[in-house]
Asks: 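If you scroll down you'll find the structure; I have some questions about it.
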Amino acid sequence: MPELPEVETVVRSLAPYLPGRRILSAEFDSRFVTPGNRRALAHKLAGRTIGSIRRRGKFIVILLDQGSLSVHLGMTGKLLLDGERTAHTHGVFTLDHGVLLYDDPRQFGRIEWNPRRIDKLGPEPLEIGLDDFVKRLRARKSRVKALLMNQSFLAGMGNIYVDEALFAAGIHPLAMASRLSVARAARLYQSIRETLTLAIEHRGSSISDYVDASGQRGNFQILHRVYGREGEACIQCAAAIRKIVVAQRGTHFCPRCQREPRR
DNA sequence: CTTAATGTTCCCCA
DNA sequence: TTGGGGAACATTAA
C-alpha cells in the first residue's frame with residue numbers, strides 16, 4: 001500500500017498525537033515483521049517517550065528519548081491509532097493515551113530498532129535539486145523504470161508513482177536512463193515532483209486497503225492516468241493503455257505518448 | 001486452481 | 001562494480 005505519498009499521509013495523521021506520548025508497553029507476534037528478539041524489542045520500547053515522527057523514503061521514523069524506531073509498511077502494512085485488533089495485528093503499542101496498532105496481512109513490513117537500512121537510501125525526490133537529479137539519472141545504465149524504483153537511487157517512489165510520473169513526462173518505462181536528453185531528464189524531474197505533490201494533497205492512493213492512521217482512505221487513485229488502466233483510453237490521446245512487466249512489476253504506459261526507445 | 005497485488009532482499013550470471 | 005532476472009517471503013482476492 002505504501003509509497004512516499006501514503007507514508008507521508010500516515011506520518012501527518014500521526015504527528016498531532018504521538019510526540020510527547022509515553023509507550024507503556026509493546027507486544028509483537030510476527031517473526032517476519034519483527035525479526036530477531038521480539039521480547040527484547042518490546043523491553044527496549046517500554047517506558048520510552050516519543051519525541052517526533054517523520055518520513056524518510058518509505059520509512060516511518062519515530063524518534064524516542066533513547067533510540068529510535070522505524071516502521072516500513074511493506075505492501076499491506078497499516079499503522080492505526082485506536083483501531084480494532086484483527087487476525088493480522090502484529091504489533092501493539094500501548095501508550096499513556098491511546099493504542100497504536102500495526103496491522104499487516106502479508107507481513108512484508110518491518111518494525112526495527114535503530115534501523116541501518118535507512119542509511120543506504122538515496123535522496124528524497126522532493127528535496128533533491130534539478131541539476132543533481134539530472135546528473136545522477138544520466139550516469140546510470142539502467143531502464144528508467146527500474147532505476148526510479150531503486151531506493152538507493154531515489155527514496156520513496158514505488159510501482160504506482162513511477163508509472164504515473166513516467167506518463168506525465170512522456171518517457172517509456174524501458175528507456176535507458178543514460179540515453180535521456182537533459183531536457184527529458186529535467187521534464188521527468190518536474191513530473192516526479194508534481195505527481196508526488198498532487199498525490200500527497202489527495203492523501204495518497206487507496207487501491208485495495210490503504211488507509212492512514214485514523215482509518216481514512218486516500219483519493220488519488222481516481223486521478224491515476226495509467227496505473228490500473230490497462231486497455232482503457234489514454235486521457236491524452238485515446239490510445240489503449242498497455243501493461244507489460246518490467247523489473248518483475250506490472251508496468252502501465254501509453255504506447256503513443258511514451259514512445260518505445262529505439263535500440 | 002492460477003495469477004497478481006502499493007515491497008525488499010538475496011542469489012546467480014553477464 | 002553494475003545491472004538484469006528469478007525466487008522468496010505470506011495472504012487475499014479475482
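Letters A, B, ... are given to chains in the order of the sequence lines, protein chains preceding strands, and every chain is numbered from 1.
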Asks: Identify whether any heavy atom of Lys243(A) sits under 4.0 Å from a base atom; if not, whether one sits that close to sugar-phosphate; answer base, sugar-phosphate or nothing.
Replies: sugar-phosphate
Asks: Just N and O in the side chain of His88(A): are any of them under 4.0 Å from OP1 or OP2 of dT12(C)?
Replies: yes
Asks: Is Asp163(A) salt-bridged to Lys145(A), cutoff N-O under 4.0 Å?
Replies: yes
Asks: Return no unless some side-chain N or O of His72(A) is found under 4.0 Å from OP1 or OP2 of dT8(B).
Replies: yes
Asks: In whole Å, what separates the P atom of dG6(C) from that of dA4(B)?
Replies: 13 Å
Asks: Tell me the interatomic distance from His224(A), atom NE2, to dA5(B), atom C1', rounded to whole angstroms.
Replies: 14 Å
Asks: Could you tell me the separation between the CG atom of Leu73(A) and the P atom of dA10(C), rounded to a whole number of Å?
Replies: 19 Å
Asks: Would you please say whether a donor-acceptor pair under 3.5 Å links the side chains of Glu6(A) and Tyr161(A)?
Replies: yes
Asks: Between dA8(C) and dT2(B), how far apart are the two P atoms, rounded to whole Å?
Replies: 16 Å
Asks: Are the ring of Phe32(A) and the base ring of dC9(C) both nearer than 5.5 Å at their centres and tilted by less than 30°?
Replies: no
Asks: Between Arg249(A) and dA4(B), is there a contact of a side-chain N or O with OP1 or OP2 at under 4.0 Å?
Replies: no
Asks: Please name the nucleotide paired to dA10(C) by Watson-Crick or G-U wobble geometry with both distances under 3.5 Å, or report none.
Replies: none
Asks: Base, sugar-phosphate or nothing for Arg117(A)? Non-hydrogen atoms, less than 4.0 Å.
Replies: sugar-phosphate
Asks: Rounded to the nearest Å, what distance is computed from the CE atom of residue Met149(A) to the C1' atom of nucleotide dG3(C)?
Replies: 15 Å
Asks: Side chains of Gln190(A) and Arg187(A): does their closest heavy-atom pair fall under 4.5 Å?
Replies: no
Asks: To the nearest Å, how far apart are Phe153(A) CZ and dT8(B) P?
Replies: 16 Å
Asks: Mind checking the CZ-CG spacing from Arg193(A) to Leu188(A)? Nearest 0.5 Å is all I need.
Replies: 12.5 Å
Asks: Tell me which nucleotide among dG7(B), dT12(C), dG4(C) gets nearest to the side chain of Arg143(A).
Replies: dG4(C)
Asks: When you get a sec, tell me which of dA5(B), dT6(B), dG3(C) is the closest nucleotide to the side chain of Arg106(A)?
Replies: dA5(B)
Asks: Are Tyr227(A) and His252(A), when compared by the centres of their aromatic rings, separated by less than 6.0 Å?
Replies: yes
Asks: Paired with dT2(C) by Watson-Crick or G-U wobble geometry, both distances under 3.5 Å: which nucleotide is it?
Replies: dA14(B)
Asks: Reckon Lys58(A) has a side-chain N or O less than 4.0 Å from the OP1 or OP2 of dT8(B)?
Replies: yes
Asks: Answer yes or no: does a side-chain N or O of Ser142(A) lie under 4.0 Å from OP1 or OP2 of dG4(C)?
Replies: yes
Asks: Between atom CG in Asn150(A) and atom C1' in dG4(C), what is the gap in whole Å?
Replies: 12 Å
Asks: Rounding to an integer number of Å, can you tell me how far Glu230(A) CD sits from dT3(B) C1'?
Replies: 13 Å
Asks: Under 4.0 angstrom, heavy atoms only, what part of the nucleic acid is Gln151(A) near: base, sugar-phosphate, or nothing?
Replies: sugar-phosphate
Asks: Could you check whether the side chain of Thr76(A) and the base of dT12(C) have a donor-acceptor pair of N or O atoms closer than 3.5 Å, going by distance alone?
Replies: no
Asks: Tyr102(A) has an atom OH; how far is it from atom C1' of dA10(C), in whole Å?
Replies: 12 Å
Asks: Nearest-Å distance, CD (Gln248(A)) to C1' (dA5(B))?
Replies: 14 Å
Asks: Rounded to whole angstrom, note down the P distance from dA7(C) over to dT3(B).
Replies: 12 Å
Asks: Which of these passes side-chain contact (heavy atoms from CB on, under 4.5 Å) with Val61(A): Leu69(A), Ile53(A), Ile118(A)?
Replies: Ile118(A)
